[in-house]
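Quick notes on the structure that follows.
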Amino acid sequence: MSKTLEKEIAAQIDKASDVAALEALKISAFGKNGQITALMKELGKLQGDERATRGKELNILKGRLMAQLDQKLDVKKREERAIELLNDKGDKSLMPASNHRAGTLHPITRTLQDMTSILGQMGFKLVEGPDIEDDFHNFTALNFPPDHPAREMHDTFYLPDVGGKEGLDAKRLLRTHTSTMQIRAMQAGAAPFRLMAFGRTYRSDYDQTHTPMFHQMELLVIDKKITMAHMKGTLLSFVQNYFGVDEANDDLIRLRPSFFPFTEPSAEVDIKCDKSGDVLKLGEGDDWMEILGCGMVHPNVIKSCGLDPEEYQGFAAGMGVERLAMLKYGIPDLRNFFDGDVRWLSHYGFKPLDDVA
């Protein structure tokens, strides 16, 4: 019976003319209810040596037929693929997709392009730094005292300590601001400095106006005889260009006293706006809205970078990229930036080739 079945299946394999016929034959012969499988199930009725002998014969039979079928199947698959490629001469990547959605730039990407374009034209050089920082660059070099609240676990994402080190300098963390890049750039370079830095920052917070990860842009100017007048003039020019406000509007921003460990004196910068209607209008009206923080670089920070604060002074400014994007483009909720909703991206996104500021 086995020899007869082998001849029958072998003939069917030879006769099969395409992949579909061979796949169907594979199921009918070796599938769960296949002919060969049915013979294998009957082995349970046999005893001792007869069962072993019969089982060996069936395994050899199955192996020969499977090899013949697989070889024929491989040949037919290659033949059908060659015919398919011969008939399909069009480049699928060049054909318009049905129901396609045009890609857009994320508002964060567009905002960073605008900011770097404006600041680059003002003479600022872009610098970079690591997302994983040490305590020295993130806190100590920026004049944060050891007991400052920002060092607490509920504010900062700490990583396991570096082996072999002790104290604060052994601590690793996800940077809480992009000011760390200013420290690294000053330690590696020579004054004067006119730097800008942007990137992701991380803090333990989450609500409509805060997320655990967000983007910051930093400015730093270090030179001789730098004053707060230089700082205000630089920030005024940036805000005028970024928001597209008339350059004659000199009272567009105001500075309010504030406190940051790394600047002294420190200030919050507000932009003039009108909140009386349904739409927030920037650059006009009698209301004010905070947009960034700034100040004259603290002498201790200048010292930590190897410079003499009696000779060099400077100013620094930091701003949330998401916040500036929300104000410019009317985006109401910070959390939407990171939801990955293509409908939101279609509404607030930008065409890749649109001109930047």
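Everything numeric here is computed off the predicted structure, so don't read it as measured data.
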Looking only at heavy atoms, what is the nearest atom pair of [X] and [Y], with distance?
| X | Y | value |
| --- | --- | --- |
| Phe260 | Ser258 | CZ-OG, 4.1 Å |
| Leu195 | Ala185 | CD1-CB, 3.5 Å |
| Ile253 | Trp288 | C-CZ3, 3.8 Å |
| Ile9 | Ala29 | CD1-CB, 4.0 Å |

For the side chain of [X] and the backbone of [Y], is there at least one donor-acceptor N/O pair under 3.5 Å apart?
| X | Y | value |
| --- | --- | --- |
| Glu322 | His215 | yes |
| Asp134 | Arg172 | no |
| Thr111 | Pro107 | yes |
| Asn138 | Thr176 | yes |
| Tyr242 | Leu324 | yes |
| Ser237 | Thr234 | no |
| Ser304 | Val301 | yes |
| Thr263 | Gly295 | no |
| Lys275 | Leu280 | no |
| His230 | Thr227 | yes |

Measuring only between side-chain heavy atoms, which start at C-beta, is [X] closer than 4.5 Å to [Y]?
| X | Y | result |
| --- | --- | --- |
| Val269 | Ile271 | no |
| Arg323 | Leu292 | no |
| Cys273 | Lys281 | no |

With a sphere of 6.0 Å drawn around [atom1] of [X], does it hold more than 12 non-hydrogen atoms of other residues, nucleotides or ligands?
| X | atom1 | answer |
| --- | --- | --- |
| Glu128 | CD | no |
| Lys41 | NZ | yes |
| Glu80 | CD | yes |
| Asp286 | CG | no |
| Arg64 | CZ | yes |
| Asp49 | CG | no |

Between Phe238 and Phe124, ring centroids under 6.0 Å: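 Between Phe238 and Phe124, the centre distance exceeds or equals 6.0 Å.
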[X] side, atom [atom1]; [Y] side, atom [atom2] - distance, nearest 0.5 Å:
| X | Y | atom1 | atom2 | value |
| --- | --- | --- | --- | --- |
| Asp270 | Glu290 | CG | CD | 6.5 Å |
| Met289 | Asp274 | CE | CG | 11.0 Å |
| Leu173 | Thr180 | CG | OG1 | 9.0 Å |
| Thr178 | Phe198 | OG1 | CZ | 10.0 Å |

I'd like to know if [X] and [Y] make a salt bridge, using a cut-off of under 4.0 Å between side-chain N and carboxylate O.
| X | Y | answer |
| --- | --- | --- |
| Arg194 | Asp223 | no |
| Lys76 | Glu79 | yes |
| Glu84 | Arg81 | yes |
| Lys272 | Asp287 | no |
| Glu133 | Lys171 | no |
| Lys26 | Asp70 | yes |

Polar side chain donor-acceptor pair, Thr201 to Gln216, under 3.5 angstrom: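 No pair is found: no donor N or O on one side chain lies under 3.5 Å from an acceptor on the other.
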Any side-chain donor near an acceptor of the partner, Asp333 and Asn336, under 3.5 Å: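 No.
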Parallel, tilted or perpendicular, as decided by the 30° and 60° cut-offs, for the rings of His177 and Phe262: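 If you compare the ring of Phe262 with that of His177, the planes turn out perpendicular.
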Plane angle bin for His106 and Phe337 - parallel if under 30°, tilted between 30 and 60°, otherwise perpendicular: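 Ring orientation, 0 to 90° scale: tilted.
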